Amino acid sequence: MPTAAGWTTLEKIRALVQPNAGITTDDAALIQLGADVTAAMISSLGRAILTASYTDYLDGKGTDTVMTKRYPITAVASVLMDDAAVSIAGNSQAWGYQFDDHALIMMNDVWTKGRRNVKVTYTAGYAAVPADLIQACTRQAAYIYRAQPREGVRSAVLPQGENVTYVVDEWLPAVETVLERYRFRGLF
């Protein structure tokens, strides 16, 4: 059974760090690193990834769409506009709301203008951590582990006289690309 390390596993990190060895002396450090990278990724994303229930108070803007704070929306339990219940519209001709991954769409009407006048109770998030986030977490944890001997070093001259420049950004470029896909945008 895989050993959990945040969004990744010890085995996945070890495969990148020590691909040809059965070395297990740093397992505790690798597990902690996976957990630490996961926490940093969640913080960087500015939102939860896994499915949970939420209640948001949104501003109606006189348009047919209001954006929720979390996504993807998987279910809507209730919607109130100006303290009155809004029902789900069974089809595009009916009055009420429908929803997609990010928004509630008012059918044949608009969300009245108001501050925090739309209350929505809903479920949003992924059933499991998406594979690209797992891979990004694994890559970042392995990179940090391998980079420890040169922590704080921006460049070096190798014995052969070659100059080497190291990545010192918070995230590896490929990891940043993945995070950008899931980062909270303040769409509400």
Side-chain angles (χ1 to χ4, degrees), residues 4-9 31-141 143-144 168-188:
W7 284 347
T8 186
T9 64
I31 291 167
Q32 185 61 51
L33 196 52
D36 291 348
V37 168
T38 298
M41 290 176 94
I42 291 169
S43 177
S44 176
L45 293 174
R47 71 184 188 100
I49 289 297
L50 296 177
T51 300
S53 295
Y54 303 98
T55 298
D56 288 348
Y57 292 86
L58 308 170
D59 296 346
K61 299 193 186 303
T63 64
D64 67 348
T65 304
V66 291
M67 307 296 280
T68 60
K69 296 178 183 178
R70 288 109 179 157
Y71 53 90
I73 301 170
T74 56
V76 176
S78 67
V79 177
L80 298 175
M81 180 171 56
D82 300 322
D83 296 321
V86 179
S87 59
I88 191 161
N91 60 56
S92 62
Q93 305 306 314
W95 180 89
Y97 73 90
Q98 292 184 345
F99 66 94
D100 63 18
D101 283 354
H102 288 61
L104 298 177
I105 301 99
M106 180 62 81
M107 306 305 292
N108 301 303
D109 204 346
V110 296
W111 299 102
T112 58
K113 286 184 180 184
R115 183 114 172 97
R116 297 173 47 96
N117 66 318
V118 178
K119 177 183 177 185
V120 57
T121 302
Y122 64 108
T123 304
Y126 298 92
V129 178
D132 57 346
L133 281 173
I134 293 170
Q135 179 62 21
C137 183
T138 305
R139 289 181 70 181
Q140 187 72 27
Y143 172 77
I144 292 169
V168 291
D169 295 334
E170 180 178 9
W171 302 107
L172 289 168
V175 170
E176 179 61 37
T177 299
V178 172
L179 291 174
E180 201 51 35
R181 287 185 215 137
Y182 296 93
R183 199 163 271 135
F184 178 64
R185 297 266 178 255
L187 298 173
F188 54 98

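Heavy-atom basis, side chains included; hydrogens, waters and symmetry copies ignored. It should be emphasised that the depicted structure is a prediction, and the values quoted were computed from it without experimental measurement.
Nearest approach of Ile49 to Pro130, heavy atoms of both residues: CG2-CD, 3.8 Å. In terms of heavy atoms, Gln98 sits closest to Gly90 at NE2-C, 4.3 Å. Of all heavy-atom pairs between Asn117 and Gly114, the closest is OD1-O, 3.0 Å. Summarising the geometry of Leu58 relative to Thr68, their closest heavy-atom pair is CD1-CA, 4.3 Å, with the distance given to 0.1 Å. Nearest heavy-atom pair across Cys137 and Thr38 is SG-OG1, 3.3 Å. Across Ala89 and Ala94, no two heavy atoms sit closer than the pair CB-O, 3.8 Å.
Interatomic distance, CD1 of Ile134 versus CZ of Arg139, reported as 14.5 Å (0.5 Å rounding). Interatomic distance, OG1 of Thr121 versus OH of Tyr54, reported as 13.0 Å (0.5 Å rounding). With values rounded to the nearest 0.5 angstrom, Asp82 atom CG is found 10.0 Å from Trp111 atom CH2. For the atom pair Tyr122 OH and Thr74 OG1, the distance stands at 10.0 Å (nearest 0.5 Å). In this structure, NE2 in His102 is found 8.0 Å from CG in Asp100, a value given to the nearest 0.5 Å. Atom CE of Met107 is separated from atom CG of Asp64 by 8.0 Å, given to the nearest 0.5 angstrom.
Here the side chain of Gln140 pairs no donor or acceptor atom with the backbone of Trp171 at under 3.5 angstrom. Listed for the Ser53 side chain is no donor-acceptor partner under 3.5 Å among the backbone atoms of Thr123. Of the possible donor and acceptor atoms, one in the side chain of Asn108 sits under 3.5 Å from a partner among the backbone N and O of Ser92.
Considering Ile42, Val175, Thr138, Val178 in turn, Val178 is the only one that fulfils the side chain to side chain contact (heavy atoms under 4.5 Å, CB included) rule with Leu133. Each of Arg116, Lys69, Lys119, Arg70 was checked for a side-chain hydrogen bond (donor to acceptor under 3.5 Å, both in side chains) with Asp56, and the lone residue meeting it is Arg70.
The shortest side-chain heavy-atom distance between Leu179 and Met41 falls under the 4.5 Å cut-off. Contact annotation: the side chain of Met106 approaches that of Trp95 to within less than 4.5 Å [non-hydrogen atoms, C-beta and beyond]. At a threshold of 4.5 Å between non-hydrogen side-chain atoms, the residues Arg183 and Glu176 count as touching. At least one side-chain heavy atom of Tyr182 sits under 4.5 Å from a side-chain heavy atom of Asp132.
No more than 12 heavy-atom neighbours from other residues, nucleotides or ligands sit within 6.0 angstrom of CG on Asp83.
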